[in-house]
Number of protein chains: 2
Amino acid sequence: MAQNTAIKVNETSRSAVGRDGVLDIAARLFREQGYGSVSLRKIAEAAGIKAGSIYYHFGSKDEIVAAVLDAGIRVVHASMRDAITDLRADTDGETVLRAAIRAHLHALLDVSDYTSANVRIFGQVPQSVRDANLPTRRAYEAEWDSLLSQLKKDGTLKQDVDIRRLRLMLIGTLNATLDWFDPDRGSADALSRTYADVFLNGILQRQDT
Amino acid sequence: MAQNTAIKVNETSRSAVGRDGVLDIAARLFREQGYGSVSLRKIAEAAGIKAGSIYYHFGSKDEIVAAVLDAGIRVVHASMRDAITDLRADTDGETVLRAAIRAHLHALLDVSDYTSANVRIFGQVPQSVRDANLPTRRAYEAEWDSLLSQLKKDGTLKQDVDIRRLRLMLIGTLNATLDWFDPDRGSADALSRTYADVFLNGILQRQDT
DNA sequence: GTCTATATCTGGATAGAC
DNA sequence: GTCTATCCAGATATAGAC
């Protein structure tokens with residue numbers, strides 16, 4: 001009886017990945033191989049089940065991709081928001097901005113297959129799937145706009161910066177690291193410091209130093 | 001006879017796009033729709049011929065994509081190199097860097113379907129096609145590294161910048177504009193000025209001003 | 001140089017047994 | 001919840017006529 005149970009557990013752990021397990025595997029494959037190269041057959045194989053079985057959990061491939069994309073933004077959004085709300089109320093603006101940058105890169109490069117999958121495949125999925133992901137993205141963009149507006153208001157940032165353009169430049173720059181980041185060449189944390197340095201102070205040698 | 005010729009010309013201009021014409025159309029479609037969504041049938045239809053006819057000009061779809069990718073880098077490389085070699089020998093470093101940034105964005109956003117197609121679909125094509133494009137990319141990267149090294153040497157840039165990392169950040173940032181750039185909201189030229197400002201001086205309000 | 005016709009393959013999706 | 005079997009659409013690629 002005890003042995004019987006043990007066998008059942010083994011069988012379960014191998015095949016009954018469940019809906020969330022399938023999503024985890026799909027996110028990892030999308031991050032590694034892109035959207036077009038990942039078929040339902042590949043996802044099923046990696047999950048240890050057959051392609052047809054996927055349809056017990058999801059109605060279509062689009063439904064899987066949409067779920068991955070939404071989770072990807074939610075993770076990075078939570079990471080960035082937590083990072084700045086955890087700070088003391090009197091923290092200076094520069095430190096807050098550095099924390100937000102670090103949190104975004106951390107989610108993208110260290111933590112989440114969902115976030116990296118989103119960044120990698122968003123431009124490859126059908127229009128309808130992109131559209132479904134837009135509300136979630138807008139919420140994250142609004143969080144950044146809110147932060148940057150505050151930093152502009154309190155005098156941390158130059159007064160002539162365009163908030164929207166700065167946000168697009170910032171997130172675009174951070175996301176682009178996904179194409180070449182290699183943990184063997186330096187941590188995401190160190191990278192975030194370099195990026196913050198450049199954004200905050202520029203790369204020009206200054207006479208006044 | 002004159003009419004006969006006219007008819008022939010019309011027929012020719014509609015269907016005999018030739019190898020280069022097919023490439024132009026393929027580049028435009030890849031830029032607009034990505035790699036996976038563009039079939040040979042779509043390319044052929046846009047070119048006014050049938051899918052099978054493509055194989056008179058190319059041996060495979062990969063061959064088309066590879067040609068588009070290579071041309072894309074060659075165009076932006078030439079644009080950037082010309083921009084900096086056209087300057088007087090005594091031009092200050094900051095101006096040279098601004099010219100290089102402007103040239104890259106100009107090729108990407110204003111001029112070339114090939115360059116924008118490359119940036120958009122490089123991460124979507126089969127590994128073998130990516131590999132075939134690498135030598136061309138390396139040459140362009142070397143051009144940037146050479147420029148940045150010179151600017152570091154002559155004291156334009158901070159002495160602690162990592163050339164490779166700065167190049168990756170710079171090109172990644174510029175390429176990311178492709179995802180959202182809208183000519184109705186401002187020219188690529190104006191955008192390049194904003195980007196150069198941020199990279200050179202940062203976004204922090206300075207006390208010493 | 002382009003056409004038609006077709007071979008071959010792969011992918012998403014469904015139905016019904018277990 | 002998962003399997004097998006199968007349908008169907010769409011894609012690359014080839015062959016031979018014109």
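Just so we're clear, the structure is a prediction, and the values are computed from it rather than from any experiment. Here is the naming used below: chain letters follow the sequence lines, and residue numbers restart at 1 for every chain.
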List, one per line, each side-chain donor-acceptor pair under 3.5 Å for residues 166-174 of chain B, sequence neighbours excluded.
| from | atom 1 | to | atom 2 | distance (Å) |
| --- | --- | --- | --- | --- |
| B:R167 | NE | B:D145 | OD1 | 2.9 |
| B:R167 | NH2 | B:D145 | OD2 | 3.0 |
| B:T173 | OG1 | A:T173 | OG1 | 3.1 |
| B:T173 | OG1 | B:M169 | O | 2.6 |

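- Of the N and O atoms on the side chains of B:T156 and B:D154, at least one donor lies less than 3.5 Å from an acceptor on the other residue.
- Non-hydrogen atoms lying under 4.0 Å from DNA chain D are contributed by nothing in residues 122-132 of chain A.
- Not one side-chain nitrogen or oxygen of A:S53 sits closer than 4.0 Å to the OP1 or OP2 atom of D:dG1.
- Residue A:K50 places its NZ atom among 12 or fewer non-hydrogen atoms of other residues, nucleotides or ligands, all under 6.0 Å distant.
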Can you tabulate the close N/O pairs, meaning under 3.5 Å, that link protein atoms to atoms of nucleotides 12-18 of chain C?
| from | atom 1 | to | atom 2 | distance (Å) |
| --- | --- | --- | --- | --- |
| C:dG12 | OP1 | A:K61 | NZ | 2.8 |
| C:dG12 | OP2 | A:L40 | N | 2.8 |
| C:dG12 | N7 | A:R41 | NH1 | 3.0 |
| C:dG12 | O6 | A:R41 | NH2 | 3.1 |
| C:dA13 | OP2 | A:Y55 | OH | 2.8 |
| C:dA13 | OP2 | A:K61 | N | 2.9 |
| C:dA13 | O5' | A:Y55 | OH | 3.2 |

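- Here salt bridge (charged side-chain N to carboxylate O under 4.0 Å, His left out) pairs that include residues 168-188 of chain A, with residues two or more places apart or in two chains, number zero.
- The ring pair (Phe, Tyr, Trp, His ring centres under 6.0 Å) search around B:H77 returns B:Y140, not counting sequence neighbours.
- The distance from atom NZ of B:K50 to atom C1' of D:dA11 is 16 Å, rounded to the nearest whole Å.
- In this structure, A:I49 atom CD1 and D:dT4 atom C1' are separated by 14 Å, rounded to whole Å.
- Atoms OH (B:Y56) and P (D:dT14) sit 17 Å apart, rounded to a whole Å.
- Separating the CG atom in A:D70 from the OG1 atom in A:T136 is a distance of 3.5 Å, to the nearest 0.5 Å.
- For A:K42, the NZ atom is densely surrounded, since the number of other residues' heavy atoms within 6.0 Å is greater than 12.
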Distance-only check: which donor-acceptor pairs under 3.5 Å involve side-chain atoms of residues 108-122 of chain A, not counting sequence neighbours?
| from | atom 1 | to | atom 2 | distance (Å) |
| --- | --- | --- | --- | --- |
| A:D110 | OD2 | A:H106 | ND1 | 2.9 |
| A:S112 | OG | A:Y114 | N | 3.0 |
| A:S112 | OG | A:T115 | N | 2.9 |
| A:S112 | OG | A:T115 | OG1 | 3.4 |
| A:D113 | OD1 | A:R31 | NE | 2.7 |
| A:Y114 | OH | A:D24 | N | 3.1 |
| A:Y114 | OH | A:D24 | OD1 | 2.5 |
| A:T115 | OG1 | A:G72 | O | 2.7 |
| A:S116 | OG | A:S112 | O | 2.9 |
| A:S116 | OG | A:D113 | O | 3.3 |
| A:N118 | OD1 | A:R137 | NH1 | 2.9 |
| A:N118 | ND2 | A:L69 | O | 2.8 |
| A:N118 | ND2 | A:N133 | OD1 | 3.4 |
| A:R120 | NH1 | A:R31 | O | 3.1 |
| A:R120 | NH1 | A:E32 | O | 2.8 |
| A:R120 | NH2 | B:G123 | O | 2.8 |

